[in-house]
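Report on the structure given below.
It should be emphasised that the depicted structure is a prediction, and the values quoted were computed from it without experimental measurement.
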Amino acid sequence: MKHSKRIWCVREVASPETLVENLIMHDWYLCTAFRIDEYYWLNDAESDSGDRKYSVVKRLDLHKFLQVESLNFRRCDFVRSLTFIVRTLAGEFDPIKPTSKIFLTIEQPSQHGRCQYCA
């Protein structure tokens, strides 16, 4: 994860299929994150260039997370992306021996307002 100091605005997603649509078919602000259960897909791109790089983290408590994986969804089709997300939600990529925890700031849209990445 390159941008651990970034503040993300999280959007709740109802299903893995909806998440795939969001990740592969749309460009988002750099501060965008998506959530299903305790897993978050955080936009980890360098710029608004169209890369769809996301770090996947698992929430441990309010601000503590474990990084699970990183992936560029620009290179993934719907089926491959859906398979990855379903396997992630099943815990297949969770670290067996958790490495260091990372501290992140995740906000709801009502808290987030506008930041340097979405202004």
Side-chain angles (χ1 to χ4, degrees):
M1 161 166 276
K2 293 181 182 179
H3 304 288
S4 61
K5 298 205 186 293
R6 189 177 282 176
I7 297 173
W8 283 275
C9 180
V10 68
R11 300 167 187 269
E12 304 290 326
V13 181
S15 70
E17 293 81 6
T18 302
L19 180 58
V20 172
E21 267 186 45
N22 282 311
L23 295 176
I24 70 172
M25 300 179 80
H26 302 282
D27 292 325
W28 296 96
Y29 292 125
L30 296 174
C31 56
T32 302
F34 299 97
R35 175 181 172 252
I36 298 179
D37 299 330
E38 69 267 22
Y39 292 94
Y40 292 73
W41 282 259
L42 309 172
N43 188 334
D44 206 25
E46 291 287 330
S47 68
D48 290 327
S49 66
D51 265 350
R52 294 187 174 109
K53 295 178 182 174
Y54 285 83
S55 289
V56 183
V57 297
K58 183 176 184 178
R59 184 174 224 150
L60 301 175
D61 64 30
L62 187 58
H63 293 286
K64 290 184 199 170
F65 297 81
L66 284 176
Q67 183 164 356
V68 174
E69 188 60 78
S70 290
L71 190 64
N72 188 337
F73 284 91
R74 175 154 314 283
R75 299 183 184 120
C76 295
D77 63 14
F78 188 92
V79 172
R80 184 174 178 207
S81 298
L82 181 61
T83 300
F84 171 76
I85 289 166
V86 169
R87 290 178 68 195
T88 299
L89 293 171
E92 286 188 39
F93 303 112
D94 289 3
I96 293 171
K97 289 186 176 182
T99 56
S100 62
K101 297 170 187 156
I102 52 178
F103 297 86
L104 303 174
T105 303
I106 304 285
E107 297 177 336
Q108 298 300 315
S110 60
Q111 299 169 296
H112 188 69
R114 302 293 269 175
C115 73
Q116 66 186 16
Y117 300 110
C118 60

Working to the nearest 0.5 angstrom, can you tell me the gap between Leu23 CG and Ile85 CD1? 5.0 Å
Within one Ile-Leu-Val-Met-Phe-Trp-Tyr cluster: Phe78 and Phe73, side-chain cutoff 4.5 Å: yes
Determine whether Glu12 and Gln108 make a side-chain contact, defined as any pair of heavy atoms from C-beta on separated by less than 4.5 Å. yes
Smallest heavy-atom separation, Arg35 atom then Asp37 atom, equals NE-O, 2.7 Å
Taking C-beta and beyond as the side chain, do Glu107 and Val10 meet within less than 4.5 Å on heavy atoms? no
Shortest non-hydrogen contact between Cys76 and Ile24, atoms and distance: O-CG2, 3.9 Å
Backbone N/O of Leu30 and side chain of Arg6: donor-acceptor pair under 3.5 Å: yes
Rounded to the nearest 0.5 Å, how far does SG of Cys31 lie from CD1 of Ile7? 9.5 Å
Does Phe103 have its ring centroid less than 6.0 Å away from the ring centroid of Phe65? no
Interatomic distance, CD@Glu17 vs CG@Asn22, rounded to 0.5 Å, equals 12.0 Å
What's the spacing between Leu104 CG and Ser55 OG if we round to 0.5 Å? 9.0 Å
Between CG of Asp94 and CG of Leu89, what distance do you get to the nearest 0.5 Å? 10.0 Å
Main-chain N/O of Val79 paired to Thr83 side chain as donor or acceptor, under 3.5 Å: yes
For the pair Leu71 and Lys53, evaluate side-chain contact (heavy atoms from CB on, under 4.5 Å) and give the outcome as yes or no after the intermediate values. CA-CA 6 Å; Leu71 190 64; Lys53 295 178 182 174; over 6 Å; no
Flag yes if Ile106 and Trp41 sit in one hydrophobic cluster, no otherwise; membership is Ile, Leu, Val, Met, Phe, Trp, Tyr, and two members link when side-chain heavy atoms are under 4.5 Å apart. no
Below 30° counts as parallel, above 60° as perpendicular, anything between as tilted: where do the rings of Tyr54 and Phe34 land? tilted
Nearest atoms (heavy-atom pairs only) where Trp28 meets Asn43: O-ND2, 3.6 Å
Taking 4.0 angstrom as the limit, do Arg52 and Asp27 come out as a salt bridge? yes
Give the minimum heavy-atom separation between Glu21 and His26, together with the two atoms involved. O-CD2, 3.3 Å
In terms of hydrophobic clusters joined by side-chain contacts under 4.5 Å, are Val68 and Phe84 together? yes
In terms of hydrophobic clusters joined by side-chain contacts under 4.5 Å, are Val57 and Val13 together? no
Between the side chains of Glu38 and Arg59, is the shortest nitrogen-to-carboxylate-oxygen separation below 4.0 Å, so that they form an ion pair? no
Distance in Å, Lys58 NZ paired with Glu69 CD, rounded so as to fall on 0.5 Å steps: 14.5 Å
Heavy-atom closest pair (Pro16 atom, Ile36 atom, distance to 0.1 Å) is N-CD1, 3.9 Å
Taking all non-hydrogen atoms of both residues into account, name the closest pair between Ala33 and Trp8 and its distance. CB-CB, 3.8 Å
